[in-house]
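Only one structure is covered here, and it is reproduced in the block below.
Lettering follows sequence order; numbering is per chain, from 1.
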Amino acid sequence: MSNSPKMRRMLAMGVFYVVLTAIAFLFLFPFYWLLISAFKTQAQIFTIPPQWIPHPVIFNNFVELYRETNLFRAFLNSCIISGGNVLLTLFLCSLAGYAFAKYPQARGHGKLFNFILASMMIPGAVTLIPSFLMLVWLHLINTYWAMIIPGSASAFGIFWMRQYMSSNVPDDLVNAARIDGCTEFEIYWRIAVPISKPALAALGIMQLIASWNNLMWAFVVLRTPNMLTLPVVIYLLQGEVRTPFGMLMAGGLMTTLPLILAFLFFQKQFVAGITAGAIKQ
Amino acid sequence: MKNEAESQWRRDIIKYRHFYLFISPFFILFAAFSLYPVLFSLFLSFMKWNGLTQWKWVGLGNFTSMLYDDILWRSLWNTLIIGLLYIPPMMILAFIFAQVLNAQWLKLRAFYRAALFLPCVTPMVVIAIVFSLIFSSEKGVLNYAIMGVGHMLPFLHLKPIPWLESESWSKTSVAILVVWRWTGYNMIIMLAGLQGIPTEYYEAAMVDGAGMWERVKSVTMPLMRPTFAFCGLLSLLGTVYMFDEIFVLTNGGPGVSSMNFGLYLFNLSFTDFKFGYASCVAYTVAVAVFFITLAGLRITRQREEAK
């Protein structure tokens, strides 16, 4: 009986799913560790054998986090910076993307666009120091603007918006609006932007993740404790001598959750964005 | 005649003024934070400057200093080793999962995709700290698991591994973290590549009597080559300029055993404030990486044409 091909197939399928699921759980494991460690004391975190389910469940880490750090302020800073960066990026890239999609006859159109594409080859490492100095000269160090402005001129964003708008915003509609007496900006704002919502969502979620997680730049341009973003605050919680891991994990949980929720909510758009980035080459 | 051309030119600019108006906000920021930095960085490459005093022309001095900069060479070597440690397993895992997720009959697809993909949306700081707990040599859960296996299979002589404390293991630890973080990203790119392969090709191969393995070898692999090249290119850039992962997990240590180029450059710039020398190093490596990329793409293309 067990030698029948049907049985063998089912067995193979079973093994296949077990292996697949095991790997998936391996990938989820650090999240699980983050979650349970947030509800453990320092001693519980380091017991051997490890406590797979915290016993007892401790909420003190969150209380201490609230008392000892300025986490709420950091959360607010992160929201303002990420929100500002996403909105500015979406506005700049969709406006320029619209221009590149709908005025192909303008002089220099092709050259300027190729120039933008070529600039995607420049690694951030080369522009690091001069960008920093630029912010120093503009007296923007330790302001939200220092985090919001530099990353918002995204060459990929322009490329992405242009692709979408040139194939999804009909020229007839644009011309009809023009005859009806709409100004060029109104056509962009009232017609092109609403049509391009899916592309905007994809670009927005990618920018949000990059901006929320940005550690290096935050380190360089933010100076005073009241300006720091969540990743920096979490990083600085690590002590030279003793690191309060429970508190760190509680803070880590609060830093990670908004992104996981945003990702699960916008999964489709995010995947679409990455895929488009891959196809462009 | 010349005047006419000029006025035509002016008329065109005025006619399409909205085009220039709409791209100008972007181009102003682009000029300030991309174009100008690229040029200024080149200028700084020939200077000695700490950001405070007047800069001093040193000619090619920075370039010759690079030749004698042991830590720079060490960091480039580490970059290479870390890349070799993580890129092959990551690519294989990403490809297998892309294949699996591409199968129509797969159940729980959303779960598998999310599980592999969540790591690359999470803040690196948090995850690197979780990994430092997992990697902890005496109380870490990874060594606990290794010892568990060691008890069951004593002939393997497994010992706890000093993941973050030993110079010979620190690169491996970084590589594990990077595999965990970036497999899902590469998987999505490969999945897009797989979905671009017309199903007729597979059907034709099946008519010719090709088994599953043969179909992968003679249909999927050749058609996926550009996608693999793209993933390879991203990984190359990612390894050279990687920062968060290493900065938080090991900070380059112990010693400089896991210091990659990205972290070294950050330290040169914002710990040592050697703005001139750092610019020079950044420029040289960027140009080198650019040519390596170009050479790599040319080789893939030549192979393509040879087929």
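A:A24 approaches B:Y112 most closely through the heavy-atom pair CB-CD2, 3.9 Å. In terms of heavy atoms, A:P30 sits closest to B:V130 at O-CG1, 3.5 Å. Here the closest heavy-atom approach between residue B:A115 and residue A:F27 is recorded as O-CB, 3.7 Å. B:S269 approaches A:I129 most closely through the heavy-atom pair OG-CD1, 3.6 Å.
Neither the backbone nor the side chain of B:F43 comes within contact range of chain A, judged by heavy atoms closer than 4.5 Å. Proximity to chain B is absent for every atom of A:T183, based on heavy atoms less than 4.5 angstrom apart. Neither the backbone nor the side chain of A:L208 comes within contact range of chain B; no heavy atoms are under 4.5 Å apart. Only the side chain of B:Y20 comes within less than 4.5 Å of a heavy atom of chain A; its backbone N, CA, C and O stay farther away. Both the backbone and the side chain of A:L34 have a heavy atom closer than 4.5 Å to some heavy atom of chain B. Using a 4.5 Å cut-off between heavy atoms, B:L42 makes no contact with chain A at all. Both the backbone and the side chain of A:F46 come within contact range of chain B, judged by heavy atoms closer than 4.5 Å. With a threshold of 4.5 angstrom between heavy atoms, A:L248 approaches chain B through side-chain atoms but not through N, CA, C or O. For B:L106, the parts lying under 4.5 angstrom from a heavy atom of chain A are both the backbone and the side chain. Both the backbone and the side chain of A:M216 have a heavy atom closer than 4.5 Å to some heavy atom of chain B. B:W49 touches chain A through its side chain: at least one heavy atom from C-beta onward sits under 4.5 Å away, while N, CA, C and O do not. In this structure, chain B has no heavy atom under 4.5 Å from any part of A:L230. Contact annotation for B:L265: only side-chain heavy atoms (C-beta onward) come within less than 4.5 Å of a heavy atom of chain A. At a 4.5 Å heavy-atom cutoff, the contact between B:L35 and chain A is made by side-chain atoms alone. Heavy atoms of A:V220 lying under 4.5 Å from chain B belong exclusively to its side chain. With a 4.5 Å cut-off on non-hydrogen atoms, B:F19 touches chain A through its backbone and its side chain both. Looking at B:T183, only its side chain comes within 4.5 Å of chain A, counting heavy atoms on both sides.
Sparse packing is recorded around CH2 of A:W145, with 12 or fewer heavy atoms of other residues, nucleotides or ligands lying under 6.0 Å away. Counting non-hydrogen atoms of other residues, nucleotides and ligands closer than 6.0 Å to CE of A:M254 gives a total of 12 or fewer.
Interface with chain A: from residues 272-281 of chain B, residues B:F275, B:A278, B:S279 qualify, criterion being any non-hydrogen pair under 4.5 Å.
Going from atom OH of A:Y235 over to atom CE of B:M124 covers 13.0 Å, rounded to the nearest 0.5 Å. To the nearest 0.5 Å, atoms CZ (A:F31) and OG1 (B:T122) are separated by 4.0 Å. Rounded to the nearest 0.5 angstrom, B:F270 CZ and A:F132 CZ are separated by 5.5 Å. Note that the CG atom of B:L268 and the CG atom of A:L128 stand 11.0 Å from one another [nearest 0.5 Å]. Once rounded to the nearest 0.5 Å, the distance linking CG of A:L112 with CD1 of B:I23 reads 5.0 Å. With rounding to the nearest 0.5 angstrom, the CZ atom of B:F40 is 13.0 Å from the OG1 atom of A:T127.
Screening residues 25-37 of chain A for side chain to side chain donor-acceptor pair (under 3.5 Å) gives no qualifying pairs among residues at least two apart or on separate chains. Residue pairs meeting the side chain to side chain donor-acceptor pair (under 3.5 Å) criterion with at least one member in residues 21-44 of chain B: none, sequence neighbours excluded. Every pair passing salt bridge (Lys or Arg N to Asp or Glu O under 4.0 Å) that includes a residue from residues 227-250 of chain B is listed here, sequence neighbours excluded: B:R181-B:E245.
Between chain B and the residues A:I116, A:I45, A:V136, the largest count of heavy-atom pairs under 4.5 Å involves A:I116. Taking chain A as the reference chain and counting heavy-atom pairs below 4.5 Å, the highest number among B:D12, B:L108, B:L133, B:V100 is found for B:L133. Contacts with chain A were tallied for B:L191, B:I28, B:I13, B:L29; B:L29 has the most, counting heavy-atom pairs under 4.5 Å. No other option in A:C93, A:G97, A:A99, A:P231 has as many heavy-atom pairs under 4.5 Å with chain B as A:A99. Of the listed residues A:I158, A:I122, A:V232, the one with more heavy-atom pairs under 4.5 angstrom with chain B than any other is A:I158. Contact tally against chain B (heavy-atom pairs below 4.5 Å) for A:M206, A:M249, A:M121: the top residue is A:M249. Interface remark: of the candidates B:F30, B:F247, B:F111, B:F266, B:F247 forms the most heavy-atom pairs closer than 4.5 Å to chain A. Considering only heavy-atom pairs separated by less than 4.5 Å from chain A, the leading option among B:F131, B:Y283, B:F97, B:F290 is B:F97. Annotation: maximal heavy-atom pairing with chain B below 4.5 Å, among A:I234, A:L133, A:L26, A:I205, occurs at A:L133. With chain B as partner, the option from A:F91, A:F219, A:F25 having the largest number of non-hydrogen pairs under 4.5 angstrom is A:F219.
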Q: Tell me, with the steps shown, if B:Y16 and A:R107 meet side chain to side chain contact (heavy atoms under 4.5 Å, CB included).
A: CA-CA 8 Å; B:Y16 293 111; A:R107 254 170 213 274; over 6 Å; no
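Side-chain contact check for B:F22 versus A:F100: every heavy-atom pair is 4.5 Å or farther apart. Between B:F27 and A:F115, the closest side-chain pair of non-hydrogen atoms falls below 4.5 Å. For the pair A:M13 and B:W105, the minimum side-chain heavy-atom distance is below 4.5 Å. Side-chain contact between B:P25 and A:L95: present, with at least one pair of heavy atoms (C-beta onward) separated by less than 4.5 Å. Side-chain contact between B:V248 and A:Q238 is present, with heavy atoms from C-beta onward closer than 4.5 Å. Contact check for B:H18 versus A:K102: no side-chain heavy atoms found under the 4.5 Å cut-off. Contact check for A:L259 versus B:P123: side-chain heavy atoms found under the 4.5 Å cut-off. B:R113 is listed as a side-chain neighbour of A:Q267, based on a closest heavy-atom distance under 4.5 Å.
Aromatic ring pairs are classed by plane angle as parallel below 30°, tilted from 30° to 60° and perpendicular above 60°; the pair A:F263 and B:F117 is parallel. Taking the six-membered ring where the residue is Trp, B:Y144 and A:W52 present tilted rings, their angle falling between 30° and 60°.
Judged by distance alone, with hydrogens and angles left aside, the side-chain atoms of A:Y17 form a donor-acceptor pair with the main-chain N or O of B:K107 at under 3.5 Å.
Between B:F33 and A:W217, the gap from one ring centroid to the other reaches at least 6.0 Å.
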